[in-house]
Amino acid sequence: MFPYPESYKLALPPLTTTLMVIATLITVPFNVGEIIYYPIIALFALVVLEHLYLIWDNGGISRLEQVFYALIHCPLAFVIWTFCLMHINGDMFTPPAAG
């Protein structure tokens, strides 16, 4: 169906990180941080799970290269994730107020 399915699988973690940034930039002007706060938390877990899947699947490149890809992308995604949460919340790491 797709000409290069391995390339699409390799692009999943960066695309998820991009989705995290886009969701942050869309919701912040409307002041709806409470709605997007927990999906952003889930997106970082999804990035890590996608990397674990890529290491397990071993489709396009070797497992060692997948591990290095994960070791480079996961810390970068963590930094982006942290700044997304800080930008949404406005404070450092206090969860949004209930009610």
Side-chain angles (χ1 to χ4, degrees):
M1 184 167 142
F2 296 114
Y4 303 106
E6 290 85 17
S7 300
Y8 292 111
K9 285 193 274 186
L10 288 175
L12 280 177
L15 287 176
T16 307
T17 306
T18 305
L19 178 68
M20 193 183 320
V21 172
I22 290 172
T24 301
L25 293 177
I26 288 174
T27 57
V28 166
F30 301 112
N31 200 14
V32 289
E34 295 83 18
I35 296 171
I36 199 69
Y37 190 77
Y38 296 109
I40 293 291
I41 291 173
L43 281 175
F44 179 70
L46 183 64
V47 167
V48 173
L49 288 175
E50 287 170 350
H51 277 295
L52 290 175
Y53 170 73
L54 288 173
I55 292 169
W56 180 266
D57 183 40
N58 194 16
I61 57 179
S62 71
R63 283 198 175 140
L64 183 62
E65 291 171 343
Q66 289 288 358
V67 168
F68 282 119
Y69 176 41
L71 286 175
I72 291 171
H73 183 254
C74 283
L76 293 174
F78 178 77
V79 170
I80 292 170
W81 176 70
T82 304
F83 283 111
C84 284
L85 290 177
M86 288 170 47
H87 193 64
I88 288 170
N89 202 17
D91 295 342
M92 287 299 281
F93 288 110
T94 56

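- Separating the CZ atom in F83 from the CD1 atom in I88 is a distance of 13.5 Å, to the nearest 0.5 Å.
- For the side-chain contact (heavy atoms from CB on, under 4.5 Å) test, residues two or more places apart in sequence or in another chain that qualify with I72 are L76.
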Could you list the donor-acceptor pairs under 3.5 angstrom formed by side chains in residues 59-66, with sequence neighbours left out?
unit_1	atom_1	unit_2	atom_2	d
S62	OG	E65	N	3.4
R63	NE	I55	O	3.1
R63	NH2	W56	O	3.1
E65	OE1	S62	N	3.3

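- Residues L46 and F78 share a hydrophobic cluster, clusters being chains of Ile/Leu/Val/Met/Phe/Trp/Tyr side chains in contact below 4.5 Å.
- Every residue meeting the ring-ring contact (aromatic ring centres under 6.0 Å, His included) condition with Y69, not counting sequence neighbours, appears here in chain and number order: H51.
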Please tabulate, one pair per line, all N/O donor-acceptor pairs under 3.5 Å involving side-chain atoms of residues 12-22, not counting sequence neighbours.
unit_1	atom_1	unit_2	atom_2	d
T16	OG1	L12	O	2.8
T16	OG1	E50	OE1	3.0
T16	OG1	E50	OE2	3.1
T17	OG1	P13	O	3.0
T17	OG1	H73	NE2	3.2
T18	OG1	P14	O	2.8

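- In this structure, F68 has no ring-ring contact (aromatic ring centres under 6.0 Å, His included) partners at least two apart in sequence or on a different chain.
- Expressed to the nearest 0.5 Å, how far OG1 of T24 lies from CE of M86 amounts to 12.0 Å.
- Rounding to the nearest 0.5 Å places CZ of F44 at 10.5 Å from CD1 of I80.
- Minimum heavy-atom separation, P75 to A70: CD-O, 3.9 Å.
- Considering CD1 of I36 and CG of L25, their distance stands at 11.0 Å, rounded to 0.5 Å.
- Follow the hydrophobic side-chain contacts under 4.5 Å out from Y38 and you reach L85 in the same cluster.
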